[in-house]
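Input: a single structure, listed below in structure tokens.
A, B, ... follow the sequence lines: proteins, then strands. Residue 1 opens every chain.
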Amino acid sequence: MKYPVEEFEDEVAGKLKELLVKIDREFAENIKLEIPPSPDKGDLSFACFPLAKILKKPPQEISAEIARAVGKGEWIDRVEACGGYVNFFINVEKLCAETVRLIREMDEKYGSFESRKEKVIIEHTSANPNGPLHVGRARNPIIGDTLVRVYRFYGYNVRSQFYVDDLGKQVAILAWGLKNIDPSTLPPPSREKADHHLVRFYQRAYQMMEEDPDVEEEINEITRLCESGDEKTIEMVREAYKKALDGIKESLKRINVEFDEFVEESRFVRDGSVYKVVEELKKSKYAGSEDGAWYIDLKEFGIQGRDTRFFFTRKDGTTLYATRDIAYHIWKLNQADIVINVLGEDHKLEAKQVEIALRILGMKRLPKVVFYSFVTLPEGKLSTRRGRVIYLDDLIDEAVERAYQEVKKRRGDELDEKRLREIAEIVGIGALRYNIVKIQPEKDIVFKWEEALNFEGDSAPFVQYAHARACSILRKESAPEKITVRNLKHPSEISLAKVLSRFPNVVKISCTQNRPHLIPSYLFELASTFNQFYRDCPVLKAESEEIKKERLTLVDSVRIVLRNGLSLLGIEAPEEM
RNA sequence: GGGCGCGUGGCCUAGCCAGGAUAGGGCGCUGGCCUUCUAAGCCAGUGGUCGCGGGUUCGAAUCCCGCCGCGUCCGCCA
């Protein structure tokens, strides 16, 4: 099955190829089509400037000749030359009819593609379970979960994983604190939630560790015991972090993020796979050792810096975080065709180290990594110790509360309290996720409340509102089940149908290029186009019964695509707000 | 010092990887639109040397080189 836009593109490219293959075979093999800058210049265009050189003719002449030679087609309605460009116009009537028909037939599947056999593992979030998530790390679950949803929709068999760092110093500090600190000496928690409770032990223990080398030694001992596979200690640490992790899960669930699996780091010590990694790496010609600690010199792999050595064992032979990460990756790569990691930009070097090690170990496939830049506050970096921190839980509460005020202001006298709260939750969470995912991962974000809680313009409530408007119309009169749309002539109707037809392509590019921010960008455009249609074209009071029916169908299509798109972002589409 | 990323109107952002037709949006600000399907909306106006300087090209926000600013990393930490 192909979507209308694909059919049109194939037809245009095919006709051009047919024509150009006589002139320059290689050129004809990779024809590049562009989207014209405005609708009056068609739906696809072809630039003739490169041909001008080959043919030694002005591009204007070439475009005119091509335009004459390419006639109407199944999808091509007309072809025009404009300067050095050939502009192709799609058969609008066919596009509207086919798009609307497909959307309503496929319903929640519209925009998705046939299922692929490749398995995908997406690892994201993987935060240290020693306290609540803060906004600095909130990008990770939101980007990660969006990718999970987009990959699934595109047709992959996806498993999401949270890698639990249960051997690290962070959890060891927490475990030590829990064992040695009298809770009555701690300040009250920022809220009644396990992760907020536990982080106090972590913070105090951290302080004590910095001041007292003996404490540090005890904590290091915990780490060593865990690392060497001591079940009793691992169990003690697990007991300590489990509740913090539950708290994190609870927060994530509230923003519609859930995982298929939680993979403990200790697993790769327990099953011995990390030691196999060590043995294999030692055999490599790039390996060396110093005082009994083993490393790989990365200079040969183009890594530069003060110290290019990547240590994969300590001098006592124990392994390091990155070493275990290699074992984890081998495990993932053996089960999946595509492995994706969502990581903070601070992990760039570590990811590179892992990648090089995987290459040395002869792995055929490598993980793809989506890096995101840090969220900072206007005052500077997030710092739990300096009290400069905003917890995700607080951001969620604030977003929902703001949404509640807004919905109460508008609908307070129509809707009951329970419904107001439900809508506030949907709108608040939506705004939060949207405002984070709409920015390309690699850009820095300076956290500002007014931006994080933006409810107007390019925001989730804007998109949700368009959806609610569509639902509101359809509540009053539902769209006919079966109808062929053929009378949509108004420019606002046409442009709306055109935007609807592009959705599958947005899904495709977002997935294949790991660009989750394309989804909100598209939804904003769709909602905005719908609002213009809403202004220009009365639906319930349309000029004729026929046009009303067709507009209802169009509105229903918008409803479906907005809902499908929002669900890719883990955002609910309210029927009223 | 070196590596990697980012730098687009007062603020935020798309476009950059696969170079093309007047650089799209949003927020803000100014003015207009609720006896018609929810005004979380719509319309008009305002505002840009695409960090700076070179180069490649018929054509550069986009590719190449140099510089500047910000972020991040350069632990036998995670």
Exercise. Decide ring pair (Phe, Tyr, Trp, His ring centres under 6.0 Å) for A:F88 and A:F46; before the verdict, give the C-alpha distance in whole Å, the side-chain angles of both, and the deciding distance to 0.1 Å.
Key: CA-CA 8 Å; A:F88 298 85; A:F46 174 71; 7.6 Å; no
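- A sub-4.0 Å separation between OP1 or OP2 of B:C77 and a side-chain N or O of A:R324 is absent.
- When the nucleotides B:A78, B:C42, B:C11 are ranked by their closest atom to the side chain of A:N128, B:A78 comes out on top.
- For residues 286-296 of chain A, the side chain to side chain donor-acceptor pair (under 3.5 Å) pairs, not counting sequence neighbours, are A:E290-A:R309.
- Closest to the side chain of A:L518, out of B:G15, B:C74, B:U13, is B:G15.
- Under the Watson-Crick or G-U wobble criterion, with both distances below 3.5 Å, B:A18 has no partner in any strand shown.
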Listed pairs under 3.5 Å, donor-acceptor, residues 505-512 of chain A side chains, sequence neighbours left out:
unit_1: A:S510; atom_1: OG; unit_2: A:R515; atom_2: O; d: 3.0
unit_1: A:T512; atom_1: OG1; unit_2: A:K508; atom_2: O; d: 2.8

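- For the residue pair A:Y163 and A:D325, no side-chain donor N or O sits within less than 3.5 Å of a side-chain acceptor on the partner.
- With B:A40, B:A78, B:A21 as the candidates, the nucleotide lying closest to the side chain of A:Q170 is B:A78.
- B:U72 atom C1' lies 15 Å from atom CG of A:L382, rounded to whole Å.
- Remark: P of B:C77 and CD of A:E227 are 11 Å apart, rounded to the nearest angstrom.
- In a base pair of the Watson-Crick type (N1 to N3 plus N6-O4 or O6-N4) or a G-U wobble (N1-O2 and O6-N3), with each distance short of 3.5 Å, B:U56 is matched with no nucleotide.
- A salt bridge is defined here as a Lys NZ or Arg NE, NH1 or NH2 lying under 4.0 Å from an Asp or Glu carboxylate O, and A:R469 with A:E575 fails to meet this definition.
- With sequence neighbours left out, the salt bridge (Lys or Arg N to Asp or Glu O under 4.0 Å) criterion links A:E477 to A:K548.
- Scored by the side-chain contact (heavy atoms from CB on, under 4.5 Å) test, A:F49 finds A:A47, A:P59, A:Y85 as partners (sequence neighbours excluded).
- RNA chain B lies under 4.0 Å from at least one heavy atom of each of the following residues of residues 467-475 of chain A: A:A468, A:R469, A:S472, A:I473.
- Here the side chain of A:P461 is nearest to one of B:A40, B:A21, B:A78, namely B:A40.
- Partners of A:R306 by side-chain contact (heavy atoms from CB on, under 4.5 Å), not counting sequence neighbours: none found.
- With hydrogens and angles ignored, a donor-acceptor pair closer than 3.5 Å exists between the side chain of A:N87 and the base of B:A21.
- No hydrogens or angles were tested; on distance alone, nothing pairs the side chain of A:S459 with the base of B:A40 as donor and acceptor under 3.5 Å.
- Side-chain nitrogen and oxygen atoms of A:K443 include none within less than 4.0 Å of the OP1 or OP2 phosphate oxygen of B:C12.
- Along RNA chain B, the nucleotide nearest A:V86 and the nucleotide nearest A:G168 are compared for position; the residue whose nucleotide lies closer to the 5' end is A:V86.
- Between the P atom of B:C11 and the CG atom of A:L453 lies a distance of 21 Å, rounded to the nearest Å.
- When the side-chain nitrogen and oxygen atoms of A:R137 are compared with OP1 and OP2 of B:A78, none of them lie within a distance under 4.0 Å.
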Which protein N or O atoms sit under 3.5 Å from an N or O of nucleotides 56-63 of chain B?
none

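- Here A:D166 pairs with nothing under the salt bridge (Lys or Arg N to Asp or Glu O under 4.0 Å) rule; sequence neighbours left out.
- One can place CD1 of A:I439 at 7 Å from P of B:A14, the figure rounded to the nearest angstrom.
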Which atoms of nucleotides 68-71 of chain B (N or O only) lie under 3.5 Å from a protein N or O atom, and what are those distances?
unit_1: B:G71; atom_1: O2'; unit_2: A:E345; atom_2: OE2; d: 3.0

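- Look at A:K409 and A:E406 and you find a salt bridge, because one of the NZ, NE, NH1 or NH2 atoms lies within 4.0 Å of a carboxylate O, short of that distance.
- In this structure, the CD1 atom of A:I356 is 16 Å from the P atom of B:G3, given to the nearest Å.
- Under 4.0 angstrom from either OP1 or OP2 of B:A14 there lies at least one side-chain N or O belonging to A:Q440.
- Close to B:G15, at under 4.0 Å from its OP1 or OP2, lies a side-chain N or O of A:H517.
- Every residue was checked against the side-chain hydrogen bond (donor to acceptor under 3.5 Å, both in side chains) condition with A:N30, not counting sequence neighbours, and none meets it.
- Of the listed nucleotides (B:C42, B:C73, B:A21), B:C73 has the atom at the smallest distance from the side chain of A:L349.
- Comparing the C1' positions of B:A61 and B:G53 gives a spacing of 16 Å, expressed to the nearest Å.
- Of all nucleotides listed (B:A39, B:C77, B:G15), B:G15 comes nearest to the side chain of A:R515.
- Neither OP1 nor OP2 of B:A78 sits under 4.0 Å from any side-chain N or O of A:Y321.
- Residue A:R314 places at least one side-chain N or O under 4.0 Å from the OP1 or OP2 atom of B:A78.
- Nearest to the side chain of A:D291, among B:A78, B:C42, B:C76, sits B:C76.
- Residue A:R410 has no polar side-chain atom (N or O) positioned under 4.0 Å from OP1 or OP2 of B:U38.
- Across the P atoms, B:U62 and B:U56 are found 15 Å apart, a figure rounded to whole Å.
- A:R551 and A:E543 are joined by a salt bridge, as a carboxylate oxygen and a charged side-chain nitrogen come within less than 4.0 angstrom of each other.
- Remark: A:P37 engages A:K41 in a side-chain contact (heavy atoms from CB on, under 4.5 Å) (not counting sequence neighbours).
- Counting heavy atoms from C-beta outward, A:E345 and A:Y372 have side chains that stay 4.5 Å or more apart.
- With a cut-off of 3.5 Å on both Watson-Crick or G-U wobble distances, the partner of B:C33 is given as B:G41.
- The nucleotide whose nearest atom lies closest to any side-chain atom of A:L540 is, among B:C37, B:A21, B:A18, B:C37.
- The same atom, P, is picked in B:A21 and in B:G32; the two are 37 Å apart, to the nearest Å.
- Ion pairing of A:E572 with A:R563 is absent here, as no side-chain N (NZ or NE/NH1/NH2) approaches a carboxylate O to less than 4.0 Å.
- Put simply, OG on A:S459 and CG on A:L523 are 11.5 Å apart, with the number rounded to the nearest 0.5 Å.
- Side-chain atoms of A:K169 lie closest to B:C77 of the nucleotides B:C42, B:U38, B:C77.
- Residue side chain A:R306 reaches the base of B:C74 through a donor-acceptor N/O pair under 3.5 Å, judged by distance alone.
- When distances run from any side-chain atom of A:N531 to the nucleotides B:U38, B:U36, B:C42, the shortest one goes to B:C42.
- A:R224 and A:E227 are not joined by a salt bridge, as no carboxylate oxygen comes within less than 4.0 angstrom of a charged side-chain nitrogen.
- Each of A:E575 and A:P37 was assigned the nucleotide of RNA chain B with the nearest heavy atom; the assignment lying further toward the 5' end belongs to A:P37.
- Both distances falling under 3.5 Å, in either a Watson-Crick or a G-U wobble arrangement, place B:G10 opposite B:C27.
- Ring geometry for A:Y202 against A:Y206 counts as tilted: the plane angle lies between 30° and 60°, on a 0 to 90° scale.
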Name the pairs: protein N/O against N/O of nucleotides 24-34 of chain B, kept only if under 3.5 Å.
unit_1: B:G26; atom_1: O2'; unit_2: A:D458; atom_2: N; d: 3.4

